[in-house]
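What follows is a short report on a single structure.
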Amino acid sequence: MNLRDVKEILNAEVLCCEDLLDREVKTCFACDLISEMLLHVQSNTLLVTSLTNAHILHAAQVMDALAVVFVAGKRPDATVIKKSEQSGLPLMTTKKLIFECCGLLYLNGARDSLEECD
Amino acid sequence: MLNDSFRFTPHITLEFKIGEKDFFIAGESASRVKKTLQQLGMKQDIIKRTAIIIYEAAMNVAIHANHGTLKVYIDPEVISIITEDEGPGIPDIELAMKEGYSTASHEVREMGFGAGMGLPNIKQCSDELDIDTKVGVGTTLKAKICLNNKN
Ligand SMILES: Nc1ncnc2c1ncn2[C@@H]1O[C@H](COP(=O)(O)OP(=O)(O)O)[C@@H](O)[C@H]1O
Ligand SMILES: [Mg+2]
């Protein structure tokens, strides 16, 4: 599954980096706590979250995230989208809630991003 | 066998000022240091642990203290991450180290912080951790990651 598939599966709207949707999605992490993401997310993971503030971008950078999906129709403001475009981090938003998103992504082959920092 | 990071790491010092409620410096400094470590060819695990410690420690200064500094020393054998702040200090360190304990405001929590996982995560990611704090004065946190023992 690549990001284009994710867009279809979640009926999502792409907010930036349309040109980067060929990226392959293998692992996902869904959560609204930045500390938790930092600790568990391995590189090239798709983040699924309802956090839309600018911190999520910085954190995504620190984690080398693959892309971010905002759930429940949440969308970040224009400056966040612009910054994300510049740094090459695709963003999407879907009306689906987090549980359904995770279920659909799992069904389509995505797995947990678990990399313990021992 | 001598590992690569041991052989090629020069002494590097990186310093950042953390202003009150400066919630962005944590991400910025973690990204900056991460790039430096990547250029030095450090192992993924070391880079990740360093980034987490920097992010959480700097965020704690921004959230809980008045202002402070973050210093990162990269030496051939060890990476030291030190935050020093002027602020309320931590009255009960044992309690503060507990997962889930947080005095962060509702506002801060809404931003995705304040889960009470910062200090436990720092502990988990460091080989040595030392917190020196004085109530009403401030807190100094020193975390070390050894480069030549693990793995
Ligand atoms: N630099 C600091 N100055 C004052 N208090 C701090 C500092 N760092 C941590 N604390 C205290 O320790 C608690 C736990 O910290 P932490 O585990 O990082 O959780 P969080 O930051 O999410 O609250 C904080 O809520 C705060 O009360
Ligand atoms: Mg914290």
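What you see is a predicted model; the values in this text were computed from it and never measured.
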When you group the ILVMFWY residues by side-chain heavy-atom contacts below 4.5 Å and let the links chain together, are [Y] and [X] in the same group?
X     : Y     : value
A/L66 : A/L20 : no
A/I98 : A/V69 : yes
B/L40 : B/V33 : yes
A/V41 : A/V48 : no
B/I53 : B/V78 : no

Counting only heavy atoms from other residues, nucleotides and ligands, does the tally under 6.0 Å from [atom1] of [X] exceed 12?
X      : atom1 : answer
B/K144 : NZ    : no
B/E107 : CD    : no
A/R23  : CZ    : yes

Taking all atoms of both residues into account, what is the closest heavy-atom pair of [X] and [Y], and its distance?
X     : Y      : value
A/L38 : B/E56  : CD1-OE2, 4.0 Å
A/I34 : B/M111 : CD1-O, 3.9 Å
A/V62 : B/G27  : CG2-O, 4.0 Å
A/S35 : B/G118 : OG-N, 4.3 Å

Pick whichever of B/A26, B/S31, B/A30 has the most heavy-atom pairs under 4.5 Å with chain A.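 Max contact count across the listed options: B/S31.
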Relative to chain B, which of A/Q61, A/H58, A/H55, A/M63 shows the most heavy atom pairs under 4.5 Å? A/H55
With only heavy atoms counted, which part of B/E110 is less than 4.5 Å from chain A, the side chain, the backbone, both or neither? backbone
Where on B/F23 is there a heavy atom nearer than 4.5 Å to chain A: the side chain, the backbone, both, or neither? both
Bottom line for A/L33: the part with an atom under 4.5 Å from chain B's heavy atoms is both
Contact class of A/D32 relative to chain B, heavy atoms under 4.5 angstrom: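 It is the backbone, since no side chain atom gets that close.
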Value rounded to 0.5 Å, distance of CE in A/M37 from CD1 in B/I52: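 Between atom CE of A/M37 and atom CD1 of B/I52 there are 13.0 Å.
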Just do the side chain to side chain contact (heavy atoms under 4.5 Å, CB included) check on A/S43 and B/Q44 with the steps written out, would you? CA-CA 10 Å; A/S43 303; B/Q44 200 55 47; 4.0 Å; yes
Can you list the steps and then say if A/L39 with B/C125 is a side chain to side chain contact (heavy atoms under 4.5 Å, CB included)? CA-CA 9 Å; A/L39 193 62; B/C125 291; 4.1 Å; yes
